[in-house]
Protein chains: 4
Amino acid sequence: MWIPIQLNEQSAEPLYYQIEVQLRALIVSGQLAEGTLLPSIRELAKTLKCSVITVRRVYQDLENEGLLRTRQGTGTFVAKVGDEERRRHRTEAVVETLESAVDTGLQVGCGEAELRKLFDEVLSRKLADRPERPPLGGDGGNA
Amino acid sequence: MWIPIQLNEQSAEPLYYQIEVQLRALIVSGQLAEGTLLPSIRELAKTLKCSVITVRRVYQDLENEGLLRTRQGTGTFVAKVGDEERRRHRTEAVVETLESAVDTGLQVGCGEAELRKLFDEVLSRKLADRPERPPLGGDGGNA
Amino acid sequence: MWIPIQLNEQSAEPLYYQIEVQLRALIVSGQLAEGTLLPSIRELAKTLKCSVITVRRVYQDLENEGLLRTRQGTGTFVAKVGDEERRRHRTEAVVETLESAVDTGLQVGCGEAELRKLFDEVLSRKLADRPERPPLGGDGGNA
Amino acid sequence: MWIPIQLNEQSAEPLYYQIEVQLRALIVSGQLAEGTLLPSIRELAKTLKCSVITVRRVYQDLENEGLLRTRQGTGTFVAKVGDEERRRHRTEAVVETLESAVDTGLQVGCGEAELRKLFDEVLSRKLADRPERPPLGGDGGNA
DNA sequence: GTGGTCTAGACCACC
DNA sequence: GTGGTCTAGACCACG
């Protein structure tokens with residue numbers, strides 16, 4: 001099964017964090033359905049050209065968050081995520097970042113109108129750039 | 001002279017970064033006028049209850065950005081900031097964070113409408129919470 | 001023949017261990033009488049929805065402990081368990097776990113009284129929850 | 001500062017887990033007071049003769065549980081633990097183990113009286129063996 | 001000095 | 001084959 005994760009080696013963000021963010025997004029957005037068997041840590045590590053330990057950490061962190069479940073000798077699966085939890089996860093990161101942006105804007109003296117304008121510009125640009133991404137087949141490898 | 005900087009020890013963001021962001025905002029927003037003498041490194045460190053090394057780094061970074069100027073034996077001043085530069089600085093951080101938020105939102109499957117709604121909520125809340133802050137006296141320091 | 005074994009997939013305990021503990025308990029408590037023919041490895045694996053390898057390991061381990069005997073081409077039987085051995089086995093696991101619990105309690109600063117209270121609570125609760133379980137018919141298998 | 005942690009290399013329990021259990025106990029029992037600066041991961045690793053990574057994992061896990069707080073460049077501190085949380089943590093592990101012991105006992109056919117007798121024996125023995133341990137000085141190294 | 005990330009690689013337990 | 005633990009050691013960021 002193929003998982004669309006893009007790493008940016010130039011970024012200051014740690015590798016494990018980049019992977020976590022993207023994998024978490026795939027799960028809470030439902031693109032990776034409950035019960036889906038993820039690639040083994042070794043396999044994903046090879047795919048991403050990083051250490052198995054880095055991938056392991058990702059899986060472990062997401063398991064601690066309750067998004068994954070792993071069974072030794074079997075593999076790592078997408079856990080059941082309640083609707084409530086899914087909604088919370090979905091907007092949590094977005095809202096946090098928006099708050100930070102608005103905070104910064106207000107502090108440097110932007111008014112409400114200017115902030116709205118900047119947001120509109122960013123949103124329009126991002127929507128235009130948006131790559132078409134068909135939903136992942138979520139039934140592959142689900143034992 | 002008093003500089004309104006709030007540190008959050010709980011945050012994962014490094015101390016120096018929190019200080020930099022806020023000090024930069026005060027400068028590019030004009031709340032700290034050109035030529036203003038900043039508190040000495042030692043004084044600000046004492047005020048913020050952090051290491052002098054941390055403050056030193058902040059002043060150094062902002063000097064490298066051209067926002068501060070240091071004169072040996074005299075102190076550190078707010079440099080002249082061109083209108084062009086000021087405008088760029090002002091929106092730069094905001095736009096970056098907004099982009100990051102929108103990216104995250106799109107990746108977890110939020111639609112345009114939902115993102116706009118979240119932004120509106122955040123903006124309204126922040127505007128309501130906004131503390132009244134009179135402009136700082138920019139006419140020199142008492143260090 | 002039906003063997004009452006409950007597996008908890010959520011548990012961190014390995015499957016083979018959960019099965020071993022419960023099967024051992026059935027034997028040393030006399031609920032599975034000497035000479036009883038156990039279900040075949042394949043059958044039990046199917047019943048428990050786990051790998052034959054897992055069941056094989058369980059039978060092997062219990063055979064090494066002297067609780068089971070395997071006769072090629074015939075099947076696996078409950079071995080003769082001496083009274084001495086039965087008594088030892090019966091309390092061994094219980095005592096070990098009790099010791100571990102008491103150790104933990106003392107280390108976190110519980111006093112004797114508090115430990116007794118906790119034990120009473122747990123015991124009462126478990127006795128109340130206890131499902132009625134009639135003794136198993138120990139007179140041979142239908143495999 | 002000295003932390004009384006005993007490792008059992010023979011045990012099947014992973015090192016990191018043994019350390020976690022004991023450190024957690026010291027914290028929730030109040031023997032390590034809020035704000036106490038723990039030994040650095042390198043120092044504790046040397047003391048315990050294990051890898052820094054093992055200690056790091058312990059600190060990280062306990063930080064995820066909210067029992068520790070670490071500040072880069074400064075060290076790792078005991079976090080504020082609410083009374084409610086402390087009580088929960090304190091009895092949680094004990095109760096779990098007691099339940100497991102009682103479960104086992106009932107399954108092998110012990111009656112209530114026998115279980116009480118076993119518990120009494122274990123408790124008495126452990127109380128007698130108990131080493132005298134004076135409270136730790138919790139004010140060492142607290143910057 | 002501190003913690004944080006990433007690496008390679010060994011060995012074990014489980015299915 | 002899978003994941004789990006532990007190791008040694010490099011390099012960076014922070015105070």
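Labels below follow one simple rule: chain letters A, B, ... track the order of the sequence lines, proteins then strands, and each chain is numbered from 1. Source: prediction; values computed, not measured.
- Each of B:Ile19, B:Ile53, B:Val21, B:Leu15 was evaluated against B:Val58; a single residue qualifies, B:Ile19, per the side-chain contact (heavy atoms from CB on, under 4.5 Å) test.
- Within a 6.0 Å sphere centred on CZ of B:Arg88, heavy atoms belonging to other residues, nucleotides or ligands number more than 12.
- Each of C:Tyr16 and A:Lys49 was matched to the nucleotide of DNA chain E holding its nearest heavy atom; the match closer to the 5' end belongs to A:Lys49.
- Within 4.0 Å of A:Cys50, counting heavy atoms only, lie sugar-phosphate atoms of the nucleic acid but no base atom.
- One can place CG of D:Asp61 at 16 Å from C1' of E:dG3, the figure rounded to the nearest angstrom.
- Donor-acceptor pairing under 3.5 Å, judged by distance alone, is present between the side chain of A:Arg42 and the base of F:dG3.
- Put simply, CD on C:Gln18 is 13 Å from C1' on E:dC14, counting in whole angstrom units.
- Side-chain proximity of D:Thr74 to the nucleotides F:dT5, F:dT2, F:dG15 is greatest for F:dG15.
- Here C:Leu15 lies in heavy-atom contact (under 4.0 Å) with sugar-phosphate atoms only.
- Following rounding to the nearest Å, D:Ile41 (CD1) and F:dT7 (C1') show an atom-to-atom distance of 15 Å.
- Checking the phosphate oxygens (OP1, OP2) of F:dG3, no side-chain nitrogen or oxygen of A:Arg71 falls inside 4.0 Å.
- At a threshold of 4.0 angstrom between heavy atoms, the contacts of D:Arg56 include nucleobase atoms, whether or not backbone atoms are also involved.
- If you check every strand for non-hydrogen atoms under 4.0 Å, A:Tyr59 touches nothing.
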